[in-house]
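Right, one structure below, let's go through it.
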Amino acid sequence: MVYLDAVKKSFKLGLHKALPVLRNINFHAPRGKTTALIGPSGAGKSTMLRCINLLEIPDEGILRVAGKEIRFERNETFSPLAKAHFVRQRDILDLRRHTGMVFQNFQLFPHKTVLENIMEGPVLVKKEDPKEVRAFALALLEKVDLADKTDSYPSTLSGGQQQRAAIARALGMRPDVLLFDEPTSALDPELEREVLKVIRTLVEENNTMIIVTHNLLFAREVADFIAFLDGGEVAAYGTPAEIFGKTMPKRVTDFIAAMSPEDYVI
Ligand code: ADP
Ligand code: MG
């Protein structure tokens with residue numbers, strides 16, 4: 001469903017310096033499965049996720065989402081802006097339509113109600129029939145347990161409610177793949193639980209999902225596959241049993257040991 005083949009991305013730091021963030025990413029997230037992305041802070045997890053929906057444009061490599069493929073080639077004569085244009089805007093928008101993103105800090109439209117937040121994309125971008133969109137949006141709000149918040153504004157909701165609204169908004173676009181960037185890291189444990197419950201439902205429905213998370217217990221419980229990112233590379237990949245098993249490289253076991261509650265024993 002999602003493939004990254006030798007994807008590289010650097011950020012320019014002034015005229016002559018660049019920070020290589022994704023050094024060489026090879027990655028596959030299969031259809032109908034949940035893939036967790038774990039790894040230390042600064043490893044490139046967010047950048048990788050943002051490359052998948054082209055909020056960042058890779059320098060090199062191949063990206064395939066839901067059968068659509070874009071190849072990226074480095075061309076030093078292009079400025080970052082020109083490079084963004086080098087990849088056709090139409091291809092970017094086309095590919096982005098297949099993905100739905102849920103951010104750490106929710107990013108709801110503050111001046112729209114919860115229902116309007118969900119309806120905006122399908123009606124304005126996908127030009128779907130507002131009546132049908134409304135019915136679907138109400139069903140989604142039921143699903144994320146926000147049926148009573150339909151006409152509320154985001155600022156009146158708790159963080160957990162805002163994140164559930166953001167998940168409903170992403171689902172409203174009927175994406176082929178859902179991308180979550182640390183969806184619960186801004187939340188207290190109690191609110192985290194209600195969001196994880198919704199995500200767990202989506203896992204059980206066999207949505208295709210990629211979830212960046214620091215919550216290793218959750219990753220271990222719900223993910224079909226886990227990719228461990230370190231220094232801009234996928235340093236390990238496997239099932240939870242493999243990743244949490246005994247045969248992983250030291251940097252993986254060290255990370256897991258440091259991140260895990262006391263019940264983790266290698
Ligand atoms: P993670 O999500 O794994 O913590 P990120 O992908 O956010 O890692 O960041 C990886 C590295 O790239 C960090 O060193 C970060 O400072 C840097 N970085 C991320 N975005 C930018 C940007 N827009 N400009 C410059 N550096 C960036
Ligand atoms: Mg991040």
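It should be emphasised that the depicted structure is a prediction, and the values quoted were computed from it without experimental measurement. Atoms within a ligand are numbered from 1 in the order they appear, just like the ligands themselves.
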>> Regarding Arg71 and Glu60, does a basic nitrogen lie under 4.0 Å from an acidic carboxylate oxygen?
In response: no
>> Is atom 15 (C) of ligand 1 touching the protein, meaning some protein heavy atom lies under 4.0 Å away?
In response: no
>> Can you tell me if Gly42 contacts ligand 1 (heavy atom of the residue under 4.0 Å from the ligand)?
In response: yes
>> Testing the 3.5 Å rule here: is there a donor-acceptor pair between the side chains of Asn215 and Glu192?
In response: yes
>> Looking only at side-chain N and O atoms, does Gln104 offer a donor or acceptor that is under 3.5 Å from a partner on Ser185?
In response: yes
> Are any of the N/O atoms in Ala43 less than 3.5 Å from those in ligand 1?
Replying inline: yes
>> More than 12 heavy atoms of other residues, nucleotides or ligands under 6.0 Å from NZ of Lys126: yes or no?
In response: yes
> Which is it for Val21 and ligand 1 at heavy atoms under 4.0 Å: side chain, backbone, both or neither?
Replying inline: side chain
> Cut-off 3.5 Å, side chains only: do Asp151 and Thr113 have a donor facing an acceptor?
Replying inline: no
> Should Lys45 be counted as touching ligand 1, given the test is an N or O pair under 3.5 Å?
Replying inline: yes
> Nearest to atom 8 (O) of ligand 1, what protein heavy atom do you find, and at what distance?
Replying inline: Gly44 N, 3.2 Å
>> Quick check on the 6.0 Å ring-centre criterion: do Phe228 and Tyr237 meet it?
In response: no
> Quick one: nearest non-hydrogen protein atom to atom 9 (O) of ligand 1, plus distance?
Replying inline: Thr47 OG1, 3.9 Å
> For atom 27 (C) of ligand 1, what's the nearest protein heavy atom and its distance?
Replying inline: Phe11 CD1, 3.3 Å
> Who's the nearest protein heavy-atom neighbour of atom 17 (C) of ligand 1, and how far?
Replying inline: Leu19 CD2, 3.9 Å
> Considering only protein heavy atoms, which is closest to atom 7 (O) of ligand 1, and at what distance to one decimal place?
Replying inline: Ser46 CB, 3.6 Å
> Do the charged groups of Asp94 and Arg90 touch, with an N to O distance under 4.0 Å?
Replying inline: no
> Which of the numbered atoms in ligand 1 are below 4.0 angstrom from a heavy atom of Pro40?
Replying inline: 3 (O)
>> Going by side chain to side chain contact (heavy atoms under 4.5 Å, CB included), Ile211 matches just one of Ile199, Leu202, Ile38. Which one?
In response: Ile199
> N/O/S atom of Thr47 under 2.8 Å from the Mg ion (ligand 2), yes or no?
Replying inline: no
>> With nothing but distance in play, are any N or O atoms of Leu13 less than 3.5 Å from an N or O of ligand 1?
In response: no
> Is it the case that more than 12 heavy atoms not belonging to Lys33 sit under 6.0 Å from its NZ atom?
Replying inline: no
